[in-house]
2 protein chains.
Amino acid sequence: MSEYQHTCMIRGDNGQTLRAILDQICNKWTLLIVVTLDQGAVRFTDLHQQIPGISQRMLTLTLRNLERDGLVSRTAYPEAPPRVEYALTPTGQSLIPPALALAGWAIEHVPGIEASREAYRARIPR
Amino acid sequence: MSEYQHTCMIRGDNGQTLRAILDQICNKWTLLIVVTLDQGAVRFTDLHQQIPGISQRMLTLTLRNLERDGLVSRTAYPEAPPRVEYALTPTGQSLIPPALALAGWAIEHVPGIEASREAYRARIPR
DNA sequence: CGGCATCCCGTCTGATACTG
DNA sequence: CAGTATCAGACGGGATGCCG
């Protein structure tokens, strides 16, 4: 699909369903979790440690949403102590390249954006 | 920069500054406005009409943030009636490819995600 | 025309405590 | 270990009205 057709579709359906999906993807933790899961199957606690700042609650909720949307698979092993592994589905893996593209853009432009914000704050003190 | 280095950086700085920027980009309207501005300079009212569902308030706020971050330029023409045009800066234009990549992914996977949600709801009725 | 100010509500998020 | 439950605060976002 061409770039032009993409822009058409973005504005085509009034962005309703598209934005609904994008809202799900672009929340506080989703992209970070997806990228973290790129390494393979990861246990709940490991995820919790590899994503500093996330609360147990938000990790659970975000994983549930990702599972519901078919981007992440959840596998519980009936052992003691319990073990649950999360992994990307093929759909979830297909999100990696665009996610990295966006993350890469952000990383490359963080300095410029920060500088711009500084300048803006200096221009309008309050 | 390689893909590997990107993933490292994403997890490297604990995602703090990165997530801060990503949060700004991935809110409800930013990507849609940026893509809409890809056509060139657009007036406030035109933008308001081309992005159905957005309120005047959110259009203003989002444009201010984009201006503060140096992604969008705001040009006011001292005329009567007043005319204000918004356009992408070079930094803003550099966001277009990643934004389209993500939007393209969303468009391609909307059906699958919707289906997955349906199945999920059927599996867990309440 | 292109805003800004105000009010208000629903959602998101974090902290804490408890459970199979 | 891997969650769930509950509460409270922050925040996003819509509606409305006023202004240069």
Side-chain angles (χ1 to χ4, degrees), chain A residues 14-16 18-33 36-37 41-69 72-87 120 123-126, chain B residues 14-16 19-33 36-37 41-69 72-87 117 120 124 126:
Chain A
N14 293 2
Q16 303 299 16
L18 171 61
R19 262 217 324 89
I21 303 293
L22 235 45
D23 280 359
Q24 295 293 329
I25 303 302
C26 287
N27 58 27
K28 195 168 184 179
W29 300 108
T30 299
L31 275 186
L32 216 49
I33 290 180
T36 304
L37 282 177
V42 184
R43 299 184 60 165
F44 184 87
T45 304
D46 292 342
L47 263 180
H48 194 199
Q49 289 170 352
Q50 289 186 42
I51 305 177
I54 194 172
S55 64
Q56 215 174 25
R57 168 193 167 78
M58 289 321 298
L59 181 56
T60 301
L61 286 180
T62 310
L63 284 171
R64 285 289 172 281
N65 285 335
L66 286 169
E67 188 192 357
R68 179 199 56 182
D69 292 352
V72 160
S73 66
R74 177 183 182 276
T75 311
Y77 297 89
E79 309 169 351
R83 181 164 60 102
V84 178
E85 283 187 345
Y86 293 91
Y120 192 87
R123 219 175 309 125
I124 297 111
R126 199 147 320 269
Chain B
N14 292 0
Q16 303 299 15
R19 262 218 325 92
I21 303 293
L22 236 44
D23 280 359
Q24 294 294 328
I25 303 302
C26 287
N27 57 28
K28 193 169 185 179
W29 301 109
T30 299
L31 276 185
L32 215 49
I33 289 180
T36 304
L37 282 176
V42 184
R43 298 184 60 166
F44 184 87
T45 305
D46 291 343
L47 262 179
H48 194 197
Q49 290 171 351
Q50 288 187 42
I51 304 179
I54 194 171
S55 64
Q56 216 174 27
R57 167 193 165 82
M58 289 322 298
L59 182 55
T60 301
L61 286 179
T62 309
L63 284 171
R64 284 291 168 282
N65 285 335
L66 286 170
E67 188 192 356
R68 180 199 57 183
D69 292 351
V72 160
S73 65
R74 178 183 182 274
T75 312
Y77 297 90
E79 307 170 352
R83 179 163 62 99
V84 178
E85 282 187 346
Y86 293 91
R117 287 186 185 176
Y120 191 87
I124 297 113
R126 198 144 318 271

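Remember, it's a predicted structure, so these values are computed and weren't measured experimentally. In what follows, chains are A, B, ... by sequence order, proteins preceding strands, each numbered from 1.
One interatomic measurement links the two molecules: CD of B/Q24 to P of D/dC11, which rounds to 12 Å at whole-angstrom precision. D/dC11 atom C1' lies 12 Å from atom CG of B/N27, rounded to whole Å. Between the CD atom of B/Q49 and the C1' atom of C/dG2 there is a distance of 13 Å, given to the nearest Å. Between the CD1 atom of B/I51 and the C1' atom of D/dG13 there is a distance of 15 Å, rounded to whole Å.
Applying the salt bridge (charged side-chain N to carboxylate O under 4.0 Å, His left out) test to every pair with at least one member in residues 44-53 of chain A, sequence neighbours left out, gives no pairs at all.
Against DNA chain D, the stretch residues 59-69 of chain B makes no heavy-atom approach under 4.0 Å.
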Review point. What string of B, S and - do you get for nucleotides 14-20 of chain C, 5' to 3', when a contact is any protein heavy atom under 4.0 Å?
Key: BB----B
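A close approach under 4.0 Å does occur between a side-chain nitrogen or oxygen of B/R43 and OP1 or OP2 of C/dG2. Applying the 4.0 Å criterion to OP1 and OP2 of D/dG3, one finds that A/Y86 has a side-chain N or O inside that range.
Within the 3.5 Å criterion, the main-chain N or O of A/T62 finds no donor-acceptor partner in the side chain of A/N65.
A cation-pi arrangement is absent between B/R68 and A/Y120, since the terminal nitrogen or guanidinium carbon is not both under 6.0 Å from the aromatic centre and inside a 45° cone about the axis.
Across all strands shown, B/Y77 has no heavy atoms under 4.0 Å from either base or sugar-phosphate atoms.
With values rounded to the nearest 0.5 angstrom, B/L66 atom CG is found 8.0 Å from B/L37 atom CG. Rounding to the nearest 0.5 Å places OH of A/Y86 at 14.5 Å from OG1 of A/T36. In this structure, B/I33 CD1 and B/K28 NZ are separated by 12.0 Å, a value rounded to the nearest 0.5 Å.
Considering only heavy atoms from C-beta on, A/R74 stays 4.5 Å or farther from A/L63 through its side chain. For the pair A/L47/A/L59, a side-chain contact is recorded, criterion being any heavy-atom separation below 4.5 Å from C-beta on.
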